[in-house]
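In each ligand, atom 1 is the first atom listed, and ligand 1 is the first ligand listed.
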Amino acid sequence: MNPLAQQLNETLATECPNVYDMLSALGKAIYFPKEGILSQSAEAKAKAKKFNATIGIAIENGQPMHLKVIQDTLSSYDPKDIYEYAPPAGKPELRAAWRTKMIKENPSLEGKNFSNPVATNALTHGLSIVADLFADVGDAVIIPNKNWENYELTFGIRRGAQIVEYPLYNEDNRFNSAGLREALLSQKDKGKAIVVLNFPNNPTGYSPDPQEGDEIVAAIHDAAEAGVNVVAVTDDAYFGLFFEDSMHESLFGKLADLHPRVLAIKVDGATKEEYVWGFRVGFITFASTSDKVLAALEQKTMGIIRATISSGPHPSQTFVLRALQSPEFDEQKAEKYDVMKQRANKVKSLLDSGRYGEVWSYYPFNSGYFMCLKLNGVSAEAVRTRLLDEYGIGTIALGETDLRVAFSCIEEPNLEELFDTIYKAVTELIG
Ligand SMILES: Cc1ncc(COP(=O)(O)O)c(C=O)c1O
C-alpha cells in the first residue's frame with residue numbers, strides 16, 4: 001500500500017475505527033499524491049514569481065491562453081476564472097460559499113463539525129465517490145422501493161453492492177421508518193450498511209415531516225447501537241423545494257454527530273436547486289467530530305477525483321460562485337420557488353377535485369420536481385405509450401402501476417390539460 005494511503009488509514013483507524021472499517025478496498029487504497037504534479041504546481045503558483053513551467057496549460061500575455069471565439073461569448077469573465085484547471089477539490093471561494101449557504105439553510109448544523117464541501121461533477125459524481133470509497137462487492141445499499149434508478153448503476157453495477165429495498169410508505173401512507181429500521185438491522189451480521197436518504201424523493205416528491213425525520217434518525221441510531229456501521233448519505237438533489245409542512249432542512253444536520261458508528265455524508269449541488277442541470281456542479285460533505293477524520297476523508301475524496309476526472313469544470317464553478325455572491329440571487333431563487341410551488345399546488349388541487357374518480361390514487365407528495373400516480377386496473381407502460389403515441393405527452397412509467405409526472409416541466413396553465421389527458425388515456429385503456 002502507498003505510504004500516503006497508509007498514513008490516512010492510520011489516522012482514520014486511530015481517530016474513528018468505525019469509519020476506517022466502513023471504507024471499501026478502493027477507499028483504503030486511495031490517496032491524493034502529495035508530491036505529484038498538482039502539489040508541485042500549487043507550490044509554484046504561490047512562489048514561482050519569475051517563470052512557472054510546472055503545469056500543462058498555456059500562458060500568453062500573463063493570462064491563460066485562449067481563443068477569441070470563445071472569450072467573446074464569455075467576456076464578463078476573467079480568463080483566469082474560466083480556462084485554468086480548477087483545483088481537484090473545487091474553487092476554494094465556491095466551496096466556502098456553498099458551506100455558508102448550507103449553514104444558513106440548515107439550522108440543525110449549528111454547532112456540528114463538518115468538512116468543507118468538496119466540489120464534484122454534480123450529484124451523480126458525488127454518489128459515485130461515495131460508492132468508490134465505501135461500497136465493496138456484496139455491501140448493502142439500503143434505499144426505498146421508490147428511488148432514482150441510477151443508484152442501481154452507481155452502487156450495484158459499478159461497485160457490486162447489493163441493493164436492499166424497503167417500502168417507502170407504510171400503510172398510513174407515511175414514511176416507513178419501521179421498514180428502514182428492519183432493512184438496517186438485517187445487515188447486523190455484515191456489520192455495515194450504506195443508507196441513501198433522498199428527500200425530496202425522486203420519483204414521488206415526498207419529504208418527511210419533523211416527526212418522520214426523527215424516526216429515520218432513530219432507526220439509524222438503533223442500527224448503530226446494534227453494531228452496524230452506517231454510511232448515511234443524504235442525496236439532497238432537490239433541496240429547498242419544500243412546499244408544505246415537511247422538514248425544510250436536510251437530515252444531514254441530525255445525522256452529523258449521531259453515533260460513532262454513523263458517518264453522515266451530504267451529497268448536494270447546484271444542478272436542480274439553481275436550475276443549472278448541464279453545469280455539472282455538485283458537492284460532497286462529510287461530518288465527523290474529528291477534524292483529522294475530515295481531513296483524511298477529504299484527501300481520499302480528492303484522490304478519487306484525481307483518478308477519475310482529475311478536476312471539475314472551472315467555468316461552471318465560476319458561474320455558480322458568481323450567482324451565489326450576487327445580491328439578486330435570493331430574490332431570483334424565491335421567484336422560481338414560487339413558480340414551482342404553484343405548479344405543485346395546482347397538481348394537488350386537480351387531483352383532489354374528484355374529477356378523476358377511482359382510476360388512480362397518488363402517492364403523498366409535498367416537495368421537489370415530481371409526483372407519482374398509482375394507476376388502478378391499467379398498466380403504467382400502456383398508459384405511457386398511449387399518452388405518447390396518441391397525445392404527444394411524455395411521462396415515465398415505473399413498475400406496473402406508477403406513472404411519474406415531472407410537473408416541474410409543465411407551465412401551470414397547462415397542468416389541467418395534462419392531467420385531463422392522462423385521465424382520458426387511462427379511461428380509454430380501461431374501457
Ligand atoms: C435523486 C437524484 N439524485 C441525483 C441526481 C443527479 O443529479 P446530477 O444531474 O447533479 O448528477 C438526480 C437527477 O435526476 C436525482 O433525481
Side-chain angles (χ1 to χ4, degrees), residues 86 90 94-95 98 101-102 117-132 135 141-159 161 163 165 168 175 194-208 216 231-242 246-247 250-252 265-285 301 304-305 308-309 312-313 315-317 319-320 323-324 340 344 363 365-372 394-398 402-409:
L94 175 66
R95 299 177 65 195
W98 195 260
K101 171 181 174 298
M102 205 186 274
V118 173
T120 62
N121 198 352
L123 281 95
T124 307
H125 182 219
L127 292 163
S128 163
I129 291 169
V130 172
D132 283 354
V141 175
I142 298 173
I143 53 176
N145 60 347
K146 307 204 178 299
N147 57 63
W148 186 42
E149 64 178 8
N150 210 12
Y151 298 144
E152 173 67 30
L153 294 185
T154 312
F155 291 97
I157 301 300
R158 192 161 169 276
R159 299 288 307 157
I163 305 290
E165 293 188 357
L168 174 63
F175 181 82
I194 299 166
V195 181
V196 183
L197 299 165
N198 165 228
F199 304 118
N201 172 259
N202 177 1
T204 63
Y206 193 67
S207 289
I216 292 169
V231 181
V233 187
T234 60
D235 173 345
D236 296 333
Y238 301 90
F239 184 81
L241 293 165
F242 303 110
S246 68
M247 287 181 72
S250 170
L251 280 169
F252 177 71
I265 307 177
K266 187 176 188 349
V267 172
D268 59 11
T271 306
K272 320 267 181 180
E273 285 190 46
E274 266 62 271
Y275 312 103
V276 291
W277 309 276
F279 280 20
R280 315 312 296 151
V281 177
F283 301 89
I284 181 169
T285 308
T301 300
I304 296 287
I305 290 173
T308 49
I309 61 165
S316 40
Q317 289 187 23
F319 302 158
V320 172
L324 292 175
M340 299 287 267
Y363 294 101
F365 69 97
N366 50 24
S367 54
Y369 279 34
F370 309 110
M371 61 77 56
C372 252
T395 53
I396 299 285
L398 296 167
D402 299 351
L403 196 71
R404 189 188 78 174
V405 179
F407 58 78
S408 55
C409 290

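- Closest to atom 9 (O) of ligand 1 by heavy atom, among Arg280, Glu273, Glu149, Lys272, is Arg280.
- Between Phe175 and Phe199, the ring-plane angle classifies as perpendicular under the 30° and 60° cut-offs.
- Any N or O atom pair closer than 3.5 Å counts here, and Asn202 shares at least one such pair with ligand 1.
- Nearest protein neighbour of atom 3 (N) of ligand 1, counting heavy atoms only, is Asp235 OD2, 2.6 Å.
- Atom OG1 in Thr120 sits 7.5 Å away from atom CD1 in Ile309 (nearest 0.5 Å).
- Note on ring orientation: taking the six-membered ring where Trp is involved, the planes of Tyr275 and Tyr369 are parallel (angle under 30°, cut-offs 30° and 60°).
- In this structure, OG1 on Thr154 lies 11.5 Å from CZ on Arg159, to the nearest 0.5 angstrom.
- In this structure a side-chain-to-backbone donor-acceptor pair under 3.5 Å is present from Asn201 to Lys146.
- Among all protein heavy atoms, the one lying closest to atom 4 (C) of ligand 1 is Trp148 CZ3, 3.3 Å.
- At a 3.5 angstrom cut-off on N or O pairs, Trp277 does not count as close to ligand 1.
- Near Thr271, the atoms of ligand 1 lying under 4.0 angstrom from a non-hydrogen atom of the residue are 8 (P), 9 (O), 10 (O).
- Numbered from 1 in the order shown, with element, the atoms of ligand 1 that lie under 4.0 Å from a heavy atom of Tyr238 read 1 (C), 13 (C), 14 (O), 15 (C), 16 (O).
- Looking at ligand 1, you'll find an N or O of Leu123 within less than 3.5 Å of one of its N or O atoms.
- Looking at Thr234, Thr285, Asp236 one by one, the single match for side-chain hydrogen bond (donor to acceptor under 3.5 Å, both in side chains) with Lys266 turns out to be Asp236.
- Near Asn198, the atoms of ligand 1 lying under 4.0 angstrom from a non-hydrogen atom of the residue are 1 (C).
- The single protein non-hydrogen atom nearest to atom 11 (O) of ligand 1 is Thr124 OG1, 2.5 Å, given as residue, atom name and distance.
- In this structure, Phe407 and Met340 approach most closely via the heavy-atom pair CE1-O, 4.1 Å.
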